[in-house]
Amino acid sequence: MAKDKNKQALTEADFMRLLLQHENALRAFARSLLPGWDAVDDVFQDASVIMWQKLGQLEEPEGFLPWGKVIVRFH
C-alpha cells in the first residue's frame, strides 16, 4: 500500500521521453506483426494516442516498453 501512496502520476514530459526512448523498438515490434512500413506508421500513430490516453494505467516507467507492445499488438 505504501507504494501506491508514493506513486506519482507520469507527466506529459515523462510520456514523451519514454515514447521517444522506445519508439524504434515499438516500430520494430509493429513491423514484425504487419506487412509493411506504411501500416507500421499508421498503427504507431494510433497506438501512441491510445498510450497517451491510458497513461494512468502504467504503473512504473520501466514497464513502458512491454506495456506499449501490448497496445501495439492489440491495435
Side-chain angles (χ1 to χ4, degrees):
M1 283 278 209
K3 184 177 179 182
D4 290 339
K5 288 181 182 179
N6 295 331
K7 183 179 167 186
Q8 294 182 350
L10 296 174
T11 65
E12 182 177 334
D14 294 330
F15 173 76
M16 290 305 300
R17 181 183 52 77
L18 289 166
L19 184 65
L20 292 172
Q21 178 183 348
H22 297 293
E23 179 177 1
N24 289 340
L26 289 169
R27 285 182 177 277
F29 177 71
R31 181 60 181 98
S32 74
L33 302 172
L34 298 166
W37 286 107
D38 288 339
V40 169
D41 291 340
D42 291 341
V43 167
F44 182 77
Q45 183 176 7
D46 292 344
S48 296
V49 171
I50 294 167
M51 284 183 245
W52 171 247
Q53 292 170 341
K54 295 183 177 215
L55 186 59
Q57 296 176 1
L58 181 62
E59 294 182 11
E60 297 290 332
E62 295 79 16
F64 185 87
L65 184 58
W67 175 76
K69 284 182 176 181
V70 170
I71 292 171
V72 167
R73 181 172 35 125
F74 284 107
H75 184 69

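Quick caveat: nothing in here was measured; it's all calculated off a predicted structure.
Within the hydrophobic cluster formed by Ile, Leu, Val, Met, Phe, Trp and Tyr side chains joined at under 4.5 Å, directly or through other members, F74 is accompanied by V70.
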W67 vs E59, test: side chain to side chain contact (heavy atoms under 4.5 Å, CB included). Steps then yes/no. CA-CA 10 Å; W67 175 76; E59 294 182 11; over 6 Å; no
Could you walk me through whether V40 and W37 pass the side chain to side chain contact (heavy atoms under 4.5 Å, CB included) test, one step at a time? CA-CA 5 Å; V40 169; W37 286 107; 3.9 Å; yes
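In this structure, I50 CD1 and H75 NE2 are separated by 5.0 Å, a value rounded to the nearest 0.5 Å. Expressed to the nearest 0.5 Å, how far CG of L26 lies from CD1 of I71 amounts to 9.0 Å. Taking CG of L55 as the reference point, atom CZ of F64 lies at 7.5 Å (rounded to 0.5 Å).
A pairwise comparison of heavy atoms in A47 and V72 identifies CB-CG2, 3.9 Å as the closest pair. The heavy-atom pair separating L65 from A25 by the smallest distance is CD1-CB, 3.8 Å. Nearest heavy-atom pair across K69 and F29 is O-CE2, 3.3 Å.
For D42, the salt bridge (Lys or Arg N to Asp or Glu O under 4.0 Å) test picks out no residue, with sequence neighbours left out. Residues forming a salt bridge (Lys or Arg N to Asp or Glu O under 4.0 Å) with R27 (at least two apart in sequence, or on another chain): E23, D41.
R17 places no side-chain N or O within donor-acceptor distance of the main-chain N or O of L20, the cut-off being under 3.5 Å.
Here the side chains of P61 and D14 are not in contact, with every heavy-atom distance at 4.5 Å or above.
In the hydrophobic clustering of ILVMFWY residues, with side-chain heavy atoms under 4.5 Å counting as a link, L33 and F44 come out together. Follow the hydrophobic side-chain contacts under 4.5 Å out from V49 and you never reach L19; the two are in separate clusters.
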